[in-house]
Amino acid sequence: MTITENPHAALLSRHRAVMPQWLATYYREPIEITHGEGRHVWDAEGRQYLDFFGGILTTMTAHALPEVTAAIREQAGRILHSSTLYLSSQAVDLAERIARLSGIPDARVFFTTSGTEANDTALLLATTYRKSNQILALRNSYHGRSFSAIGITGNTSWSPTSLSPLQTLYVHGGVRHRGPYAHLSDAEFTAACVADLEDILGQANGQVAALIAEPVQGVGGFTSGPDGLLAAFKEVLDRHGILWITDEVQTGWGRTGEHFWGWQAHEGSGPPDILTFAKGVGNGLSMGGVVARAEVMDCLTANSISTFGGSPITTAGALANLQYLLDHDLQGNARRVGGLLRSRLEAISAGLPVVREVRGRGLMLGLELASPAAAGVVLEAAREGGLLIGKGGRAGDALRIAPPLSLTVAEAEEGASILEAALKQAQSELGDGPA
């Protein structure tokens, strides 16, 4: 096939001519995904792949889920858009469901079009409520692509500027296996991170608005501190009146298996003040949002609307998706199948020094490899074998595995087998040392 006959090569040429050069794509020869069904997708050349990344943890239930596509089709036949200037029964229905599920008392819900916008809104609420632009964030964190979200991103490989409207203070706790506290027990690690938080607060100039934290760091490579760490943080925050924002863009909706929200692994001190969500609830639709208790959500005094947030079509699709997830106990499936997949990956990795760590929970699993080069080899080899996975970590040395939550045991085994071959290829090519 010549370059003019190759649809991917032709599209890549057009892409490079019109898109920003900083817009990242996977693979030496990037591909276009044209359609999907269940846990599988197909590219423009007709190749089929088992999808273990779901468009960056966004296809939460399944590709082309009939219940969701039917809801979208039905709503599209009536009206696509009206804005928040008009009432929407779909938006109210979804907000009521999410408010109840959030665990936040007297909750109010505001819909956005993305996780970045949700985190922007949470920062606006917290800084307005507390009358402070100081934000606590975890090292190695990622909270979005906007100017303000980049300002609280602790993962330097995704932070292109040091300019920010916020003063950000970074604390330990997002990465368990590296840094000055890695050698400590979980209890000692938590105590050290709390002491670090107290020390940072002692250096703050005035009051701090909020701590924002991903319960499991997504772009950071699916890393996290011990269970209960954020609850221990909250005890300190509550003494100072500081808000806790939990970024559930990647951890929400049962993906971690053991809990519906990531914060529930840290619930010793009660629910967060603000919760942000996106990605999975829309199953591919542009859907995000913020949940906060009423006094925090209603602290804004200026007029505001959302042109596209909570549109009739996105809320109709999200409602159908959420209902399917609850009706079919996909959280339980994530726990069961995710546990089997993790055990399989641990067995595979035991004989491969190129794998430094297997981590994560439910269907949010990470493999840290010996080098970024090893992660690149596995990413390419997995695609050649018919499996799509993600990559992350500050150095780009971690693999991210996050299939739709309806993944079957047979598909988990198939994906593990492909990954095993890809990991063995990386081990053979690069060994277990730095590259």
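All residue numbers in this chain count up from 1 along the given sequence.
Closest heavy-atom contact between Thr256 and Thr251: CG2-O, 4.1 Å. Of all the heavy atoms in His63 and Asp51, the pair that sits closest is NE2-OD2, 2.7 Å. The heavy-atom pair separating Ala210 from Ile245 by the smallest distance is CB-CD1, 3.8 Å. Nearest approach of Phe260 to Leu322, heavy atoms of both residues: CZ-CD1, 4.3 Å. Ala126 and Ala209 get closest at one heavy-atom pair: O-CB, 3.8 Å. Here the closest non-hydrogen pair linking Pro215 and Asp247 is CD-O, 3.4 Å.
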Inset, instruction - Kindly indicate, with the supporting measurements, whether the criterion side chain to side chain contact (heavy atoms under 4.5 Å, CB included) is fulfilled by His240 and Gln207. - result: CA-CA 8 Å; His240 295 270; Gln207 67 180 20; over 6 Å; no

Check: Going through the distances and angles, do Leu367 and Ser349 end up as a side chain to side chain contact (heavy atoms under 4.5 Å, CB included)?
Finding: CA-CA 9 Å; Leu367 277 73; Ser349 302; 4.1 Å; yes

Exercise for review: Show your working on side chain to side chain contact (heavy atoms under 4.5 Å, CB included) between Leu325 and Met60 and close with a plain yes or no.
Suggested key: CA-CA 9 Å; Leu325 177 137; Met60 179 171 66; 3.5 Å; yes

Evaluation steps, side chain to side chain contact (heavy atoms under 4.5 Å, CB included), between Leu405 and Asn333 = CA-CA 7 Å; Leu405 303 190; Asn333 192 65; 5.6 Å; no

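Defined by atom type and a distance below 3.5 Å, a donor-acceptor pair is missing between the side-chain atoms of Thr59 and Asn283. When only modelled atom types and interatomic distance are considered, His8 and Glu29 share no side-chain donor-acceptor pair under 3.5 Å. Looking at Thr153 and Asn155, their side chains never bring a donor and an acceptor atom within 3.5 Å of each other. Counting only N and O atoms by type, the side chains of Arg16 and Gln21 include no donor and acceptor under 3.5 Å apart. Using modelled atom types and a 3.5 Å distance limit, the side chains of Thr156 and Ser159 yield no donor-acceptor pair. Between the side chains of Asn133 and Thr127, no donor N or O sits under 3.5 Å from an acceptor N or O. There is a side-chain donor-acceptor pair under 3.5 Å between Thr223 and Gln217.
Separating the CG atom in Leu136 from the CG atom in Leu211 is a distance of 5.5 Å, to the nearest 0.5 Å. Rounding to the nearest 0.5 Å places CZ of Phe110 at 9.5 Å from CG of Leu124. Once rounded to the nearest 0.5 Å, the distance linking CH2 of Trp158 with NE2 of His143 reads 14.5 Å. Atom-to-atom distance recorded for Glu346:CD and Glu357:CD is 10.0 Å, nearest 0.5 angstrom. Going from atom CD1 of Ile389 over to atom CD1 of Ile401 covers 6.0 Å, rounded to the nearest 0.5 Å. Taken to the nearest 0.5 Å, the NZ atom of Lys234 stands 14.0 Å off from the CG atom of Leu229.
Ile212 has its side chain out of reach of Trp244: every pair of non-hydrogen atoms, C-beta onward, lies at least 4.5 Å apart. Looking only at side-chain heavy atoms (C-beta outward), Ile135 and Gln167 stay at 4.5 Å or farther from each other. Leu326 places a side-chain heavy atom less than 4.5 Å from the side chain of Arg97. Here the side chains of Arg394 and Val175 are not in contact, with every heavy-atom distance at 4.5 Å or above. Contact annotation: the side chain of Leu407 approaches that of Phe52 to within less than 4.5 Å [non-hydrogen atoms, C-beta and beyond]. Inter-residue side-chain proximity for Val208 and Leu201 is flagged as met; some heavy-atom pair is nearer than 4.5 Å. No side-chain heavy atom of Val219 sits less than 4.5 Å from a side-chain heavy atom of Asn140. Contact of the His177 side chain with the Arg359 side chain is registered, since non-hydrogen atoms from C-beta on lie closer than 4.5 Å.
Looking at Asp397 and Arg356, no side-chain N of the basic residue comes within less than 4.0 Å of a carboxylate O on the acidic one, giving no salt bridge. Ion pair Lys424/Glu420 flagged as a salt bridge, since at least one NZ, NE, NH1 or NH2 atom sits closer than 4.0 Å to an Asp/Glu carboxylate oxygen. Of the charged side-chain nitrogens involved, at least one lies within less than 4.0 Å of a carboxylate oxygen, so that Glu368 and Arg178 count as a salt-bridged pair. Between Arg108 and Glu295, no side-chain nitrogen of the basic residue sits less than 4.0 Å from a carboxylate oxygen of the acidic one, so the salt-bridge criterion is not met. For Asp43 and Arg47, the salt-bridge test fails: no basic side-chain N is under 4.0 Å from an acidic carboxylate O. Between Asp196 and Arg139, none of the side-chain N atoms (NZ, or NE/NH1/NH2) sits under 4.0 Å from a carboxylate O, so this pair counts as no salt bridge.
If you look at Trp261 and Phe277, their ring centroids are not closer than 6.0 Å. Here His40 and Tyr49 keep their ring centres 6.0 angstrom or further from each other.
Environment of CZ in Arg239: crowded, with over 12 heavy atoms of neighbouring residues, nucleotides or ligands closer than 6.0 Å. In the displayed structure, Arg145 atom CZ is contacted under 6.0 Å by at most 12 heavy atoms of other residues, nucleotides or ligands. Taking a 6.0 Å sphere around CG of Leu169, one finds it holds more than 12 heavy atoms contributed by other residues, nucleotides or ligands. The environment of Asn205 atom CG is sparse: at most 12 non-hydrogen atoms of other residues, nucleotides or ligands sit within 6.0 angstrom. Within 6.0 Å of CZ in Arg335 there are more than 12 heavy atoms belonging to other residues, nucleotides or ligands. When the shell of 6.0 Å around CD of Glu198 is examined, it contains more than 12 heavy atoms from other residues, nucleotides or ligands.
In summary, of the residues considered (Glu414, Glu411, Glu413), a salt bridge (Lys or Arg N to Asp or Glu O under 4.0 Å) with Arg344 occurs for Glu413 alone. For the pairing with Val291, the side chain to side chain contact (heavy atoms under 4.5 Å, CB included) check across Asp273, Thr246, Ile104 returns one residue only, Ile104.
In this structure, the side chain of Thr190 does not engage the main chain of Ala187 through any donor-acceptor pair within 3.5 Å. Between the side chain of Asp186 and the backbone N or O of Asp227, no donor-acceptor pair lies under 3.5 Å. Between the side chain of Lys279 and the backbone N or O of Ile56, at least one donor-acceptor pair lies under 3.5 Å. Using a distance-only test at 3.5 Å, with no hydrogens or angles considered, a donor-acceptor pair links the side chain of Thr58 to the main chain of Gly55.
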